[in-house]
Asks: 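The structure under discussion is supplied below as structure tokens; questions concerning it will follow.
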Amino acid sequence: MALIQIFIVLSLVFLLLHIMPGDPAVLALGTDRTVDPQVVEALRHELGLDKPILEQYLIYIKNVANLNFGNSITDKVPVMSYIAERIPRTIELAFLSIIVASIIGVVLGMVAALERKKAADIITTSLAALGISLPVFVLGTLFIYVFSFSLRLLPAGGFIALSKNAGAHYARLVLPVATLALPMAASIARMTRSSMLEVLNKEFVQTLYAKGLSRQKVVFGHVLRNAMIPIVTIIGLQFGNLIGGTVLIEYLFNLPGLCSVLLKAISYRDYPLIQGCIFVMSSFYILVNMFVDILYGALDPRVR
Amino acid sequence: MNESLLQVRGLKKYFPLRAGMFSGQRGQVKAVDGVGFDVLRGETFGLVGESGCGKSTVSRLILRLCNADEGEVIFEGDNLLKLPRAAMRRRRARMQMIFQDPFESLNPRMTIGEIIAAPLEIHKTFKGSEKEKRIRELLELVGLAPDYIRRYPHEFSGGQRQRIGIARAIALNPSLVICDEPVSALDVSIQAQILNLLSDIQEAFSLTYILISHDLSVVKHMSDRIGVMYLGKMVEIAGKDDLYTDAMHPYTQALLSAIPEFDTNKKKQRVMLKGDLPSPIDPPEGCRFCTRCLQAMPECATLEPRLVEYKKGHFVACHLYPDKAAGVRDAFMRVKS
Amino acid sequence: MSNCLLEVKDLVTAFTTSKGPLRAVDGVSFQVNSGELIGVVGESGSGKSLTSLSIMGLVPYPGKVVSGEIFFEGQDLLKLEEAEMVKIRGKNIAMIFQDSRVSLDPVCRCGEQIVEAIRTHEKATREEARERALELIGLVGIPNPARCVNAYPHELSGGMCQRIMIAIALSCRPKLLIADEPTTALDVTVQAQILELLDKLRHDFDMSVILITHNLGVVAGVADRIAVMYAGQIMELGDIGEILNHPMHPYTQGLIKSIPKLEVSSKRLYSISGTVPALDKMPSGCRFEQRCPEAMALCATVLPEMCVLSDGQYVCCHKYDTWRSAYE
């Protein structure tokens with residue numbers, strides 16, 4: 001099932017790229033108009049762009065099946081090694097922010113649900129509404145301004161490899177992770193709150209209390225697990241989106257991740273690189289969804 | 001009185017059961033599996049059975065709210081299942097339904113007047129001021145103040161809403177009204193009011209009722225004849241007194257004795273059934289009831305009993321009564337030949 | 001009556017609303033003796049379920065017990081802290097609910113839910129508790145206990161789920177079992193099985209049962225005494241046979257007459273006119289006054305008091321005011 005999904009995505013990407021105006025050979029040779037048409041033709045031939053489109057498609061599918069995306073048109077580096085260098089950074093960013101977002105979101109959502117209509121609930125829900133409506137770049141700029149420029153607590157961005165200096169590496173991740181995590185935490189908190197409230201109103205909760213269970217045992221032992229499915233869904237969706245959705249953050253905090261590669265590749269019509277990036281991103285998305293489906297089954301026997 | 005208004009013959013409805021989009025059919029739920037009965041003009045025909053026996057599906061098949069797989073439904077001379085759509089729509093005006101849940105069967109965004117007017121508009125029977133007069137008349141008929149015409153369903157109690165449902169059902173002067181559990185969502189004191197209203201209206205408009213209920217005392221009170229269903233099959237049909245004094249099918253006997261006895265002085269010996277209803281996905285072969293039957297015989301597990309007229313007007317589908325049934329039939333044949 | 005297990009005195013439970021408190025249970029008093037099965041009968045809105053939740057200390061928000069006393073083995077439950085109440089709930093007083101299929105945790109195996117109940121109140125290892133769970137499942141008449149332990153609630157029928165609920169309730173040998181409409185969601189044949197099971201178990205376990213139902217027929221076969229509730233108050237209380245055969249309160253009389261009976265065939269049913277008054281529009285006098293065929297001038301203004309008719313028979317109606325003075 002997952003393979004079929006990836007196949008469809010890749011075919012669509014191929015089709016779209018070839019519909020898109022702009023010749024990669026021309027773009028690779030520079031944008032000035034005086035390029036010799038013969039040189040362009042030679043490059044097109046080298047890249048296989050002069051073949052009929054169906055043949056190009058077949059070659060492309062064959063290569064993808066072997067996980068071979070060829071070389072980048074612009075800087076001749078193999079696409080896979082390009083991506084391999086960049087993707088750990090993006091994945092690290094995504095993982096850290098989703099973990100932070102889930103912890104903050106679920107805890108706040110639970111507090112809000114249990115303290116319904118009291119101060120804690122009202123504060124959390126209004127903060128969550130604010131968090132969802134605040135654009136990422138505003139939040140990011142705000143963080144940089146407050147923590148880097150005014151308070152001088154944290155570096156404003158850049159990247160230092162983990163192997164070189166672990167402290168500096170993580171220090172540079174704090175702001176981007178916080179910027180990504182807070183809006184996600186807000187929507188996770190809202191989902192947790194409504195899901196928890198729904199489960200708390202179910203009749204079996206009354207049975208649990210009637211059995212003599214304490215509030216903690218009822219909430220942590222039963223209600224949370226029953227409320228988990230919508231929460232897991234939203235976390236999964238957001239995690240999947242993160243892999244392709246960190247463009248602004250990478251740009252804002254000057255992080256060399258996967259999204260900045262994709263951005264560059266698109267502007268140069270670097271077909272192999274675009275295809276490689278999209279392949280990685282969609283595979284990741286589909287993998288996350290598969291994992292979420294498996295989790296459903298583990299959480300709720302009725303889904304199995 | 002003895003003329004049939006509705007004849008149901010060999011009605012079948014199987015619901016396919018699929019595991020996923022690509023996997024094939026995993027089995028089928030035999031919701032209604034060869035049900036036949038007659039409803040006479042002016043009578044109340046009660047349909048009883050436990051949940052999952054297919055009694056509600058039968059009513060939906062009769063009204064063609066879902067399509068039957070097999071069988072005939074002959075209503076006022078026409079086979080409804082073969083009628084073209086337009087003709088069926090016109091015919092629907094003659095048969096109406098009252099639903100169980102008065103809280104969910106009324107559109108909360110429409111006023112009472114609009115709800116009752118809807119059938120009148122669809123079938124274009126009344127226009128303008130005449131329509132409003134008709135609605136007020138109907139409201140009065142079901143015991144509600146005519147001024148309620150502009151109110152919304154949420155302003156009414158369960159009993160009042162059921163009255164609105166009844167007004168809507170009789171708006172087009174139908175000949176057949178199917179009442180699907182009309183009082184099960186109501187309190188006892190309200191239940192009596194609604195049952196009385198149903199009887200009054202039946203008398204006033206010479207209606208024919210099919211009353212579907214799991215409550216045997218309600219069915220007994222209202223019906224002239226009763227059909228008992230079990231797992232998609234009709235197991236017994238008889239006149240009400242006949243059924244209650246001389247139940248023949250072991251399931252009917254168990255059902256009757258399971259009714260909570262009201263009189264404490266008379267603690268009767270209950271025929272207690274073992275176990276639960278088997279799943280209608282793979283119903284037992286042979287007699288459907290054989291897994292729970294206290295009098296099951298070896299042939300019950302393999303041979304499916306047919307519904308036969310054991311004595312006049314009393315049909316039963318059970319191997320306990322084959323001889324006599326065959327005997328009666330033989331005698332009948334002898335007389336004929 | 002000496003062996004009184006539970007005594008409810010003048011219980012008032014109200015919902016706080018913007019219109020002020022709505023007294024859904026208003027001055028209910030009754031007692032439950034050990035080993036007896038008392039039926040509490042009433043229509044929806046009569047306050048019967050809220051009475052039982054008040055006993056359990058589980059009145060849902062925004063409801064609250066306003067006043068009254070609930071003595072269980074001499075101890076006033078309303079004065080206990082939540083931490084102490086937790087030890088009584090499920091251990092000494094257990095409760096089962098109407099729709100068992102939604103009253104069990106859907107993502108938790110049935111056996112596990114029984115084990116949890118046992119281990120909440122007793123020091124038992126997981127294995128011991130499992131052993132006992134298996135035993136209990138057999139006890140409540142489930143044919144294949146070993147399979148049922150590992151089943152999830154959605155894999156079982158409604159009747160089986162109700163048996164699991166009963167097993168959970170019995171797991172710590174409670175002295176009092178409150179059954180709130182335990183058979184309403186079930187089919188007639190299964191209903192009969194569950195009622196018989198409850199009746200058998202109360203003798204085996206020597207416990208008292210409060211059986212709450214809207215169906216007089218359900219209690220008729222099994223109860224020793226019944227309390228008839230209407231609009232938050234008890235209208236009549238006493239021996240079941242007495243009440244069913246000689247109901248004294250006009251409401252009880254009407255209720256009994258309005259049930260279609262198998263033996264009698266009459267074309268029209270008796271029906272009580274009107275509907276239960278809304279909580280915020282409760283009359284100051286007798287709550288049944290508007291629907292009562294025998295209402296007197298006094299009934300509209302003065303709330304009748306519970307009066308003793310004979311030993312153990314109580315009725316709350318002005319018709320019997322003269323009887324009371326005579327008895328006293």
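Proteins get letters first, then strands, A, B, ... in listed order; numbering begins at 1 in each.
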Asks: Calculate, to the nearest 0.5 Å, the distance between atoms CG and CG belonging to A:L208 and C:D105 respectively.
Replies: 6.0 Å
Asks: State, to 0.1 Å, how close A:Y209 and C:L58 come at their nearest heavy-atom pair, and which atoms those are.
Replies: CB-CD2, 3.5 Å
Asks: Non-hydrogen atoms of chain A under 4.5 Å away: do they reach the side chain of C:L53, the backbone, both or neither?
Replies: side chain
Asks: Please name the pair of heavy atoms, one in A:P301 and one in C:P106, separated by the smallest distance, quoted to 0.1 Å.
Replies: CG-O, 3.5 Å
Asks: Taking C:S103 as the fixed residue, which of A:E203, A:K202, A:Q206 is the one that meets the side-chain contact (heavy atoms from CB on, under 4.5 Å) rule?
Replies: A:E203
Asks: Just give me the residue among C:D99, C:V102, C:T120 that pairs up with chain A most often, heavy atom to heavy atom, under 4.5 Å.
Replies: C:V102
Asks: Rounded to the nearest 0.5 Å, how far apart are NZ of A:K211 and CD1 of C:I168?
Replies: 4.5 Å
Asks: Just so I understand: if I count every heavy-atom pair under 4.5 Å between each of C:K91, C:Q98, C:M85, C:Q113 and chain A, which residue has the most?
Replies: C:Q113
Asks: Assess whether atom CD of C:E122 is packed by more than 12 heavy atoms of other residues, nucleotides or ligands within 6.0 Å.
Replies: yes
Asks: If contact means a heavy atom pair closer than 4.5 Å, which residues of residues 68-83 of chain C contact chain A?
Replies: none
